[in-house]
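Report on the following structure.
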There are 2 protein chains.
Amino acid sequence: MLDNRKKRILKAIVDEYIGTAEPVSSGSISKKNGIDFSSATIRNEMAELEKTGYLDKPHTSSGRVPSEKGYRLYVDELIKDDNISLEEIKYISSKLETKVNEIEDLTRITASTLSEITHYTAVSIGPKSEIQNIEEVKFVLLGSRMLMAVILTDTGMIKETIIKFNEDITEKQVETLNFIFNNKLKGKPLAEIDTPLEKYIFSQMNYSVAIIRKVIEQIKKVINEQDNKIYLEGAKQVFDLPEFKSLETAKKFINLLDTKEIMLDLLDSGFAQDINVYIGSENSAKELKDFSIVTFKHKIGNKDMGTIGIIGPTRMDYSKVISVLKYISKKLNNKN
Amino acid sequence: MLDNRKKRILKAIVDEYIGTAEPVSSGSISKKNGIDFSSATIRNEMAELEKTGYLDKPHTSSGRVPSEKGYRLYVDELIKDDNISLEEIKYISSKLETKVNEIEDLTRITASTLSEITHYTAVSIGPKSEIQNIEEVKFVLLGSRMLMAVILTDTGMIKETIIKFNEDITEKQVETLNFIFNNKLKGKPLAEIDTPLEKYIFSQMNYSVAIIRKVIEQIKKVINEQDNKIYLEGAKQVFDLPEFKSLETAKKFINLLDTKEIMLDLLDSGFAQDINVYIGSENSAKELKDFSIVTFKHKIGNKDMGTIGIIGPTRMDYSKVISVLKYISKKLNNKN
DNA sequence: TTTTAGCAATCAGATAATGAGAGTGCTAAA
DNA sequence: TTTAGCACTCTCATTATCTGATTGCTAAAA
């Protein structure tokens with residue numbers, strides 16, 4: 001266990017390193033208000049902190065840099081979570097008041113707001129289809145061979161898709177589709193739209209199995225696309241961070257953001273708590289070992305409403321990110 | 001006017017420079033098949049080409065680099081437009097056969113295919129709303145206070161939007177809306193959806209002007225958004241080009257792509273011809289002076305169906321880009 | 001016992017010096 | 001008209017040198 005002074009010094013080092021991205025020297029810390037010891041004393045403490053694994057040293061004659069263990073302690077014990085300014089509060093409020101029609105829009109706006117304030121990259125996904133129940137399904141005929149299907153779920157997702165046919169569809173058929181889908185599916189999970197349903201409908205109404213199959217396939221497709229759709233905000237922000245000054249690193253990062261599996265995994269991995277922080281190699285994917293991720297599962301009650309992830313260097317301003325997320329989380333819950 | 005040999009040498013230089021991005025030496029050209037002169041002779045010709053403005057020289061003892069005038073001649077007179085491989089043809093065909101429901105999807109798929117083949121960045125927009133006529137408008141009630149409006153146009157655009165109200169909407173009202181919109185607007189330009197229509201509707205049916213206003217506002221909003229929506233494909237490809245090895249340049253480029261006005265302008269600027277090439281400072285925006293743009297207005301008959309732009313360094317493989325575009329253009333026209 | 005001043009040792013990063021290599025322009029011969 | 005030959009130029013990579021920041025350790029001071 002670290003004594004109080006060591007913790008204060010560690011905090012000062014991490015704070016400074018987050019600000020400057022340069023190894024922190026004993027001298028710069030000894031001048032900090034609140035820490036009134038000579039650089040020699042700080043040096044001794046730093047040597048200890050290094051020995052116990054909280055700090056690293058890039059090379060013999062350089063200052064210290066926080067290790068992952070150091071960041072972890074910093075995040076768990078040393079930061080405040082109300083590091084948010086009045087302007088930021090105002091900005092967030094104005095953004096969240098934007099009228100949205102669909103739940104994904106809300107998640108996306110939240111993510112982009114977050115990215116704007118923190119200057120890190122944000123990724124987000126809407127609620128998973130598997131946890132959503134069907135509120136209403138509506139078929140609308142557009143022209144004679146084009147059917148639009150609109151699906152509303154209990155989490156507020158509205159998804160529409162267009163289905164084209166090689167044969168004419170009659171108003172009567174559309175009516176039947178509307179009737180069957182709503183009677184059979186209202187309140188049921190989205191996943192019910194599948195082959196058994198197809199068979200059921202076919203048994204109820206005697207028109208072309210091809211039509212029914214196409215309808216169901218297309219709806220399944222659009223739901224599936226929805227589940228795998230990742231929104232990305234503020235990717236170019238990273239170019240302003242010193243850790244991306246090498247083109248190689250920047251390229252690696254951009255490619256990483258493009259790798260759907262990793263991103264989906266990242267957004268899925270959050271625990272039941274609201275805000276999760278993964279520092280460097282704590283991330284499940286080894287590609288993320290040089291980054292830190294903060295994820296936030298937006299819930300209403302215990303219903304998952306989508307997830308947001310903030311990706312940045314391990315030298316992330318955790319205090320700011322967490323504070324802003326906490327505030328947003330509170331706001332979103334009040335809203336409903 | 002350049003004699004034949006000078007043209008052949010210029011072509012060889014541009015070809016080589018496009019391939020290597022390195023200043024081209026007299027020696028490397030003299031070895032090219034088809035050009036069987038000693039490096040000294042080539043040197044003399046190169047000196048001439050430089051004097052007449054077709055070539056530049058980064059410094060006294062370096063090889064030559066094409067000037068904008070050189071590229072212009074190259075594009076206008078020296079390249080072939082059937083520089084396309086069987087694999088590429090197959091790939092394009094397979095991509096274009098993807099079923100699409102909306103015209104924007106087609107433009108977008110075309111742009112992304114192009115970007116994949118050429119390794120340059122593609123931007124695209126759908127057809128402008130002002131040139132589109134309304135084919136059908138459909139209102140569908142979702143729940144009791146949520147109305148969905150679907151608009152189909154003659155160019156195949158399908159746009160839907162959701163309108164939320166603070167009061168209940170009846171099926172009767174929806175019917176009236178459907179009746180009036182379709183009777184009044186079928187075949188008319190999209191722009192007719194505006195205040196005069198609002199007044200007309202209000203004179204025809206006596207329910208809350210607030211509802212009508214909201215409907216029209218929301219539809220106008222979604223059409224406007226549509227007009228300003230730019231699709232971007234393959235932005236990260238530029239990281240592989242040597243001209244973007246400096247982070248500064250890459251950053252500038254990414255910011256450029258983000259500047260809507262410039263991109264919209266770029267896509268609007270094309271002439272009546274199908275394929276337009278703008279080299280370096282030929283571009284209207286000064287921010288684009290280090291880039292070349294190839295634009296392509298996709299038309300069916302003389303109806304504009306959207307525009308695609310390829311952005312790359314002035315050292316762009318014009319022959320490849322133009323060949324692929326020509327082929328795609330032919331394919332798209334056969335399709336309809 | 002704790003803190004601090006002082007100082008040699010270390011190392012990254014900037015700056016300067018050197019040299020090789022690629023390419024040109026020009027001259028004079030083929 | 002073409003080409004071989006050669007001095008000249010300039011970039012780029014490599015090496016050497018210098019500077020400044022920072023540390024660890026020792027011994028004195030608190």
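Order of the sequence lines fixes the chain letters, A, B, ..., with proteins taken first and strands second; residue numbering starts at 1 for each chain.
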Whole angstrom is fine here: how far is it from CZ in A:F37 over to C1' in C:dT1? 14 Å

Any idea which heavy atoms bring A:I328 and A:I92 closest together, and the distance? CG1-CG2, 3.8 Å

Sub-6.0 Å ring centroid separation between B:F253 and B:F291: yes

Answer for the Watson-Crick or wobble partner of D:dG5, both distances under 3.5 Å, is C:dC26

What's the CD1-C1' distance between B:I29 and C:dG23, to the nearest Å? 13 Å

Tell me the interatomic distance from B:K31, atom NZ, to C:dA22, atom P, rounded to whole angstroms. 11 Å

For each nucleotide in nucleotides 5-26 of chain D, reading 5' to 3', give B when a protein heavy atom comes within less than 4.0 Å of its base, S when such contact involves only the sugar-phosphate, and - otherwise. B---BBS----------BBBB-

Whole angstroms only, please: what is the CD-C1' distance between B:E45 and C:dG25? 15 Å

Does the Lys NZ or Arg CZ of A:R5 fall within the cation-pi geometry relative to A:F37 - under 6.0 Å from the ring centre and within 45° of the axis? yes

Is the phosphate of C:dT2, meaning OP1 or OP2, less than 4.0 Å from a side-chain N or O of A:R5? no

To the nearest Å, give me how far apart NZ (B:K51) and P (C:dG25) are. 10 Å

Quickly work out the B:I42 CD1 to C:dG23 C1' distance and round it to whole Å. 14 Å

Might you work through the side chain to side chain contact (heavy atoms under 4.5 Å, CB included) test for A:K236 and B:D258, ending with a clear yes or no? CA-CA 10 Å; A:K236 67 169 191 169; B:D258 236 37; 3.2 Å; yes

Does NZ or CZ of B:K69 come closer than 6.0 Å to the centre of the six-membered ring of B:Y54, within 45° of the ring's axis? yes

Starting at atom NZ of B:K6, determine the distance to atom P of D:dT1, rounded to an integer number of angstrom. 11 Å

From A:D81, A:N83, A:D82, residue fulfilling side chain to side chain donor-acceptor pair (under 3.5 Å) relative to A:K326: A:D81

